[in-house]
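Report on the following structure.
Each chain gets a letter, A, B and so on, in the order the sequences are listed, and its residues count up from 1. Hydrogens, waters and symmetry mates play no part in the numbers below; they use all other heavy atoms, side chains included.
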Number of protein chains: 2
Amino acid sequence: MRLGNGPASIGELAEPFDMALPSFMRHIQFLQNSGWINTRKEGRVRICTLEKQQFAIVEDWLSEQRALWNARTDRLEQFVTSKQNKDNSR
Amino acid sequence: MRLGNGPASIGELAEPFDMALPSFMRHIQFLQNSGWINTRKEGRVRICTLEKQQFAIVEDWLSEQRALWNARTDRLEQFVTSKQNKDNSR
DNA sequence: ATGATACTTAGCTTTATGGCTAAGCATTCG
DNA sequence: CGAATGCTTAGCCATAAAGCTAAGTATCAT
């Protein structure tokens with residue numbers, strides 16, 4: 001959430017958490033390895049930024065999947081409905 | 001992905017995986033506790049279905065967050081640009 | 001040049017995770 | 001009724017995760 005406001009240093013990100021810095025760093029590294037954030041070193045400070053494209057990718061994937069599911073559900077409902085109509089018309 | 005096609009039994013879902021059934025069950029339970037799927041018992045068979053709303057919630061959250069970030073970035077760019085203009089007009 | 005700052009690295013400990021087998025319990029088939 | 005099927009429960013084990021402290025390194029400020 002914090003990174004949504006723009007870049008921040010490790011120290012700033014870690015500050016609200018009751019956790020030793022090395023422990024916090026591993027979370028940062030994990031997020032970077034997973035492609036959610038990027039980091040660069042500015043002097044002795046490491047700056048973190050959000051990898052916004054990654055979030056766009058996830059959103060697109062979700063959107064696509066849901067569209068597929070819904071299309072399938074629609075076809076199923078259509079089938080059930082048409083079957084009902086046939087039965088009713090007997 | 002399989003559940004996107006419609007409901008399926010534990011056995012059917014587990015079949016492609018080289019994993020003992022109890023182990024697989026824990027994955028199912030985890031997904032259910034996390035709200036991604038739902039299950040019901042039909043005779044001795046347990047049927048799993050996708051909790052589509054959950055995916056919609058995530059998609060909405062992502063969409064909202066990204067909109068916020070982009071709005072902020074836009075304002076930042078606008079600020080930088082307007083500052084540039086002032087500097088240029090001296 | 002020294003001390004302070006902001007991470008980093010190394011190494012350790014505790015706990016959680018993810019897997020297994022064996023045995024149990026309903027439900028369905030013959 | 002007895003056997004087969006489809007999970008479930010119980011209990012165990014190996015490994016990975018997530019934390020810590022202590023010590024190290026590279027900047028920055030004086």
Side-chain angles (χ1 to χ4, degrees), chain A residues 1-59 61-62 65 69 72-73 76 79-80 83 87, chain B residues 1-59 61-62 65 69 72-73 76 79-80 83 87:
Chain A
M1 297 293 276
R2 166 62 189 84
L3 288 181
N5 286 326
S9 71
I10 300 279
E12 182 183 348
L13 290 174
E15 191 271 324
F17 296 94
D18 183 18
M19 189 185 292
L21 213 57
S23 311
F24 191 83
M25 272 295 295
R26 290 174 59 86
H27 288 265
I28 296 291
Q29 275 169 28
F30 179 83
L31 289 171
Q32 181 163 15
N33 291 341
S34 309
W36 299 103
I37 68 173
N38 219 326
T39 73
R40 59 182 141 69
K41 205 72 190 275
E42 286 189 2
R44 62 189 165 178
V45 177
R46 181 170 298 280
I47 301 293
C48 305
T49 55
L50 215 52
E51 276 288 351
K52 299 181 183 178
Q53 351 166 9
Q54 189 77 359
F55 288 81
I57 288 169
V58 171
E59 195 182 334
W61 185 85
L62 271 171
Q65 292 300 312
W69 306 338
R72 242 175 324 245
T73 303
L76 179 59
F79 171 74
V80 171
K83 197 164 183 295
D87 290 352
Chain B
M1 298 294 277
R2 166 62 189 82
L3 288 181
N5 286 327
S9 71
I10 299 279
E12 182 183 348
L13 290 174
E15 191 271 324
F17 297 93
D18 183 19
M19 189 185 295
L21 214 56
S23 310
F24 191 81
M25 273 294 296
R26 291 173 57 88
H27 287 267
I28 296 291
Q29 275 169 27
F30 179 83
L31 290 172
Q32 181 164 14
N33 291 341
S34 309
W36 298 105
I37 68 174
N38 218 325
T39 73
R40 59 183 141 71
K41 206 72 192 273
E42 288 189 2
R44 63 189 164 180
V45 176
R46 181 171 295 281
I47 301 295
C48 305
T49 55
L50 214 51
E51 275 288 350
K52 298 181 184 177
Q53 351 165 7
Q54 188 77 358
F55 287 83
I57 288 169
V58 172
E59 194 182 334
W61 183 86
L62 271 171
Q65 291 300 312
W69 306 338
R72 235 170 335 240
T73 303
L76 178 60
F79 171 73
V80 171
K83 194 162 183 300
D87 290 351

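Side-chain proximity of Lys41(A) to the nucleotides dT8(C), dC20(D), dG19(C) is greatest for dT8(C). Relative to the side chain of Met25(A), the nucleotides dC20(C), dG19(D), dT8(C) differ in distance, and dT8(C) lies closest. Set against dT8(C), dT21(D), dT8(D), the side chain of Leu21(A) has dT8(C) as its closest nucleotide. The side chain of Arg44(B) has dA4(D) as its nearest neighbour among dA4(D), dG19(D), dA4(C). Comparing dC7(D), dA4(D), dC20(D) by their closest approach to the side chain of Ala20(A) singles out dC20(D). Closest to the side chain of Pro22(B), out of dT21(C), dC7(D), dC7(C), is dT21(C). With dC20(C), dG6(D), dT8(D) as the candidates, the nucleotide lying closest to the side chain of Arg46(B) is dT8(D).
Atom C1' of nucleotide dT8(C) and atom CZ of Phe24(A) are separated by 15 Å, given to the nearest angstrom. Ile47(A) places its CD1 atom 14 Å from the C1' atom of dT27(D), with the value rounded to the nearest Å. Look at CG on Asn33(B): it is 12 Å from P on dT17(C), rounded to the nearest Å. In this entry the distance linking CG of Leu13(A) with P of dA6(C) reads 14 Å, nearest Å. Across the protein-nucleic acid pair, Met19(B) atom CE and dC7(D) atom P stand 16 Å apart, rounded to whole Å. Atom CD in Gln32(B) sits roughly 14 Å away from atom P in dC7(D) (whole-Å rounding). Here the C1' atom of nucleotide dC20(C) and the CG atom of Asp18(B) are 12 Å apart, to the nearest Å. At whole-Å resolution of the value, CG in Leu31(A) and C1' in dA17(D) are 15 Å apart.
Using a 4.0 Å cut-off, no side-chain N or O of His27(B) falls inside it from OP1 or OP2 of dT17(C). Remark: Ser23(B) is not in phosphate contact with dG18(C), judged by side-chain N or O atoms under 4.0 Å from OP1 or OP2.
Each of Ser9(B) and Glu42(A) has a nearest nucleotide on DNA chain D; the 5'-most of these lies closest to Ser9(B).
Between Lys52(B) and Phe55(B) there is no side-chain heavy-atom pair separated by less than 4.5 Å. Residues Glu51(A) and Gln32(A) are not in side-chain contact: their nearest non-hydrogen atoms beyond the backbone lie 4.5 Å or more apart.
Here the closest heavy-atom approach between residue Leu3(B) and residue Cys48(B) is recorded as CD2-O, 3.4 Å. The minimum heavy-atom distance linking Ala8(B) with Glu12(B) is given by the pair CB-OE1, 3.6 Å.
Contact annotation for Ile10(A): backbone-only contact, meaning every heavy-atom pair under 4.0 Å involves sugar-phosphate atoms and none involves a base.
In Arg26(A), the CZ atom is not crowded: 12 or fewer heavy atoms of neighbouring residues, nucleotides or ligands sit closer than 6.0 Å.
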